[in-house]
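The structure under discussion appears below in the form of structure tokens.
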Amino acid sequence: MMDNFSTLHLALPAVHTVASATAPVTTLAQPRAFSTSVNPLVFFSILDHYLRRNADQDRVIGTLLGVRSEDGAEVEIKGCYPVPHLESQDQVEVDMEYHRTMFDLHKQVNPKEVIVGWYATGANLNSYSALIHDFYQKEVSSFPAVHLTMDTALTNERLGVKTYISAPVGITSKAVNCMFIPIPCDVKYFKAERAGLELLASAKNNESGSTTLLSDMDNLERAVIEVQSMLERVSEYVDAVLAGTVPANNTVGRYLMDTVSVVPKVDAAEFEKMFNSHLQDLLMVIYLANMTRTQLAVAKRLEKLL
């Protein structure tokens, strides 16, 4: 007979569910797949923390803040703050008092956001990662804690961000006996944030690493060029599907149908007239702004002469 203690037990983290009063105790709900979404401001905060680290530090860590769905399967990471720590060959030290003080201060500003996990720079996981994750798992309580890693080396010129949850491994309950399981991670931002991100991304092509704000006309031209490029891509895809060179995708077809149905049907001549009307209004606003700026400059010089 096989000894029970000779087998390897792997337990996946259970999603927090509320049991019904009428349901039997043995009934188990099928857990949903875990997923995370991250606000871009979190990445900037992590990079700022990494740039301000001490010279003898290889990586930095911090606390992730956000909100969860009712079943805990979906996590939205909205913010973070750094936590001082020290790593050596023998031990790791985390300033827990600083962590709790910062969280108490954060709750006064954003009471709805809770601790959802922690972050660390670098792409590698080690035994210290398991120890730190065990601490944050206790802070998160009944929900699985999320571990986010960010590769500051920017391998292949891509943002090396990954998210994990842990699962206990082995026959003994120890902090180091865990396995990190990758989970999906998406970047979630608003339209206003996207404009700022695109402006920052345009600076990487300049040698000085800086960029300037575009004028209204430049923004309009850029938007028209992007729309034209997307329309050309869609037209080429539709033509290829009709010709039989590319297999049809029902999901893409439904998405294109929904997009086309939302666009109002406007006559080409009427659309051109409306576009030119708005363009003239925009040019008039720019002209008035330049005139106002010129009058203020003249008034300022006259004031100096008098």
Side-chain angles (χ1 to χ4, degrees), residues 12 15 17 29-43 66-78 116 144 146 148-151 154-165 181-202 204-205 214 216-279 282:
L12 294 178
V15 180
T17 56
Q30 181 69 23
R32 294 175 56 190
F34 286 92
S35 63
T36 56
S37 60
V38 188
N39 189 282
L41 293 177
V42 175
F43 302 143
V67 294
R68 291 180 178 271
S69 59
E70 293 183 359
D71 59 357
E74 298 179 1
V75 180
E76 182 179 353
I77 303 173
K78 293 186 174 182
V116 296
V146 176
L148 183 147
T149 61
M150 185 173 185
D151 186 9
L154 297 178
T155 307
N156 297 327
E157 297 183 355
R158 296 184 63 86
L159 190 63
V161 176
K162 297 181 181 179
T163 50
Y164 305 87
I165 56 175
I181 304 173
I183 56 176
C185 178
D186 297 323
V187 180
K188 186 177 181 179
Y189 49 81
F190 300 100
K191 291 183 179 180
E193 294 175 337
R194 180 177 180 177
L197 292 173
E198 290 178 351
L199 182 63
L200 291 174
S202 64
K204 69 179 182 180
N205 299 324
L214 300 177
D216 294 337
M217 291 299 298
D218 292 336
N219 278 322
L220 179 60
E221 180 184 3
R222 182 178 178 182
V224 171
I225 293 175
E226 289 181 355
V227 171
Q228 184 179 3
S229 175
M230 288 187 289
L231 289 175
E232 290 177 355
R233 250 171 47 190
V234 170
S235 299
E236 291 176 358
Y237 171 77
V238 172
D239 293 339
V241 171
L242 294 177
T245 57
V246 175
N249 190 321
N250 295 333
T251 303
V252 176
R254 293 192 189 96
Y255 181 78
L256 292 176
M257 182 63 70
D258 294 339
T259 304
V260 172
S261 62
V262 172
V263 179
K265 295 182 179 180
V266 182
D267 185 63
E270 184 178 354
F271 176 78
E272 185 178 359
K273 181 180 178 182
M274 181 175 57
F275 180 81
N276 291 332
S277 176
H278 285 291
L279 184 60
L282 179 61

Rounded distance (nearest 0.5 Å) linking atom NZ of Lys78 with atom CG of Asn39: 8.5 Å
Inter-residue atom distance Cys185.SG - Tyr164.OH, 0.5 Å rounding: 10.5 Å
For [X] and [Y], which heavy atoms make the closest approach, and how far apart are they?
| X | Y | result |
| --- | --- | --- |
| Val161 | Met150 | CG2-CG, 4.1 Å |
| Thr36 | Pro184 | OG1-O, 2.8 Å |
| Val241 | Pro247 | CG2-O, 4.4 Å |
| Leu148 | Ile77 | CD1-CD1, 4.2 Å |
| Val234 | Leu256 | CG1-CD2, 3.9 Å |
| Pro144 | Ile165 | CB-CG2, 4.3 Å |

Test item: Ser261 side-chain N/O and Met257 main-chain N/O as donor-acceptor pair under 3.5 Å: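 The answer is yes, because a donor-acceptor pair under 3.5 Å joins these two groups.
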Under 3.5 Å donor-acceptor, Ser229 side chain and Ile225 backbone: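 Absent.
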Full working for side-chain contact (heavy atoms from CB on, under 4.5 Å) between Phe43 and Val187: CA-CA 10 Å; Phe43 302 143; Val187 180; 3.8 Å; yes
Residue of the set Asp186, Val67, Val38 for which side chain to side chain contact (heavy atoms under 4.5 Å, CB included) holds with Glu76: Val67
Tyr237, OH atom: more than 12 neighbouring heavy atoms under 6.0 Å: yes
